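Have a look at the structure below, then the notes.
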2 protein chains.
Amino acid sequence: MIIHCITMASKERIARLKEETRINILDAALQIVKQEGWQALSLRKIADAIEYTAPIIYEYFANKEAILLELTRKGFLLLDRELQKAKAEHRSPAKQLEAMWLAYWNFAFDNKELYQVMFGVSTNCCCELVNQLPEAELPWDAFTPAIGELMKIEDLDSDVICTKYYTFWSVVHGLISINILGRNSSDDINRQVLRDAITGIIRSITP
Amino acid sequence: MIIHCITMASKERIARLKEETRINILDAALQIVKQEGWQALSLRKIADAIEYTAPIIYEYFANKEAILLELTRKGFLLLDRELQKAKAEHRSPAKQLEAMWLAYWNFAFDNKELYQVMFGVSTNCCCELVNQLPEAELPWDAFTPAIGELMKIEDLDSDVICTKYYTFWSVVHGLISINILGRNSSDDINRQVLRDAITGIIRSITP
DNA sequence: TATAATCATTTAACACTGTTAAGCAAATGT
DNA sequence: ACATTTGCTTAACAGTGTTAAATGATTATA
């Protein structure tokens, strides 16, 4: 009986350790990418970083793609946190939209590597899988209520809202992509493009 | 003397053949990518397609990246042809801009693979090198005169024109990227977003 | 024409990559 | 004390880009 309890506790400890190395794998992967870029990420490098050999990774992830997929999942959750935070700071939908797209912009540059794997900017991976990720719809869920409120439209899946959402998204994502690719214009111009576009769209949908 | 002429001719014939297999390499690469995607492109597959062995490719290109770089160069030239064609069909800068961005859009989907390697959408390669490519500035050269004319600004490198160019480009490239990644909205909505955004920007800069 | 030099091409090899199977040694259950 | 499971490693496979050496045909030279 007592032995049973002890083994239960040790099982839990082991489970905790396993969870920990799972996190270590993800952390190591992200760190390598931040230091050397996506192209340099290899399973053996991850294994080195967590002081194991490569095959052990398959105890925690089905394959390399699964690691990237998990990173994009965490990316979407982190992005959603930032969006919610920005939203909570304002009451009017116009201000909310402006703050949220700005938060989106900042997220992309504060987490360049995550954004790359989330939206496939200059990295080749798992589009189809990412699209099946439920978390990939969090931005939609975050933005459309504000758009709907601003336009006084209740059906958040209507084509009108969809169109406006994609207009916002396109210009912001486009500008981010162009910058990540290094086709840099100056930061001043970036900021102005972003502000002009967002306020322009907001004005165009404000009744 | 005669012999000299003959050898000259044979040298030219050989040079022509070499140029031909250079083109064959590029064609084979693009065909493989179109059929199996960028991830599936390998030197040995290219070699197979042109009925040689892999190392022969290094007689024509410094490395794999150089092949991709040459494809993006050809991509920019092709894009420029389309832009010029669209431009030539109209006289007013507003109509020109609209037609050109539409041509840009069509190019991206008619040559999805080229667009991907040109702008790094879900493929990892050679950003820095592409940015040094002179041909990468052809779109800028194609668009800014119309923008300048429309805004009645002569200095095509002024910040105002730069800002407007990036605004156009961001929304179009963003929408393309999102679609290539498979985050598809319907074609109807795409078309509407594109038209709305372009005509909106044009109206906003028309005096 | 015979020999030397050059050229085009291939084979072999290296250091990587992701991934799987086999083995081993320590911890665990009986 | 023995059997079994577990954690982890070593070895291996098929593939990648890339380089060096070897081969065989073509060309130039004597």
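Treat the numbers as computed from the prediction; the structure is a model and nothing was measured. Naming: A, B, ... by sequence-line order, numbering from 1 per chain.
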Between CD of A:E59 and C1' of D:dT6 the distance, given in whole Å, is 9 Å

Are B:Y104 and B:F109 an aromatic pair, judged by ring center distance below 6.0 Å? no

Could you state the NZ-P distance from A:K45 to C:dT17, rounded to the nearest angstrom? 6 Å

Without decimals, in angstroms, what is the distance between B:I57 CD1 and D:dA20 P? 17 Å

Among A:E113, A:Q39, A:K112, find the one that has a side chain to side chain contact (heavy atoms under 4.5 Å, CB included) with A:V33. A:E113

Classify the ring geometry of A:Y165 against A:W101: parallel below 30°, tilted from 30° to 60°, perpendicular beyond 60°. tilted

Taking any heavy-atom pair under 4.0 Å as a contact, classify B:L41: base, sugar-phosphate, or nothing. sugar-phosphate

When the distance from CD of B:Q39 to P of D:dG15 is rounded to whole Å, what number comes out? 16 Å

Ring centroid separation for B:F76 and B:F107, is it under 6.0 angstrom? no

Taking only N and O in the side chain of B:S42, is any of them less than 4.0 Å away from OP1 or OP2 of D:dT16? yes

Heavy-atom count check: over 12 atoms from other residues, nucleotides or ligands less than 6.0 Å from A:E51 CD? no

Tell me which donor-acceptor pairs under 3.5 Å the side chains of residues 191-202 of chain A have, and how far apart each pair is, sequence neighbours excluded?
unit_1 : atom_1 : unit_2 : atom_2 : d
A:T199 : OG1    : A:R195 : O      : 2.7
A:T199 : OG1    : A:D196 : O      : 3.2

Separation of B:E51 atom CD from C:dA8 atom P, in whole Å? 19 Å

Separation of A:D48 atom CG from D:dT9 atom P, in whole Å? 11 Å

Hey, what are the protein-to-nucleotides 19-23 of chain C N/O distances that come in under 3.5 Å?
unit_1 : atom_1 : unit_2 : atom_2 : d
C:dT19 : OP2    : A:Y58  : OH     : 2.8
C:dT19 : OP2    : A:K64  : N      : 2.8
C:dT19 : O5'    : A:Y58  : OH     : 2.8
C:dT19 : O4     : A:R44  : NH2    : 3.2

Whole-Å distance, A:I50 CD1 to D:dC8 P, equals 10 Å

Atom pair distance, as rounded to whole Å: CD in B:E36 and P in D:dG15: 13 Å

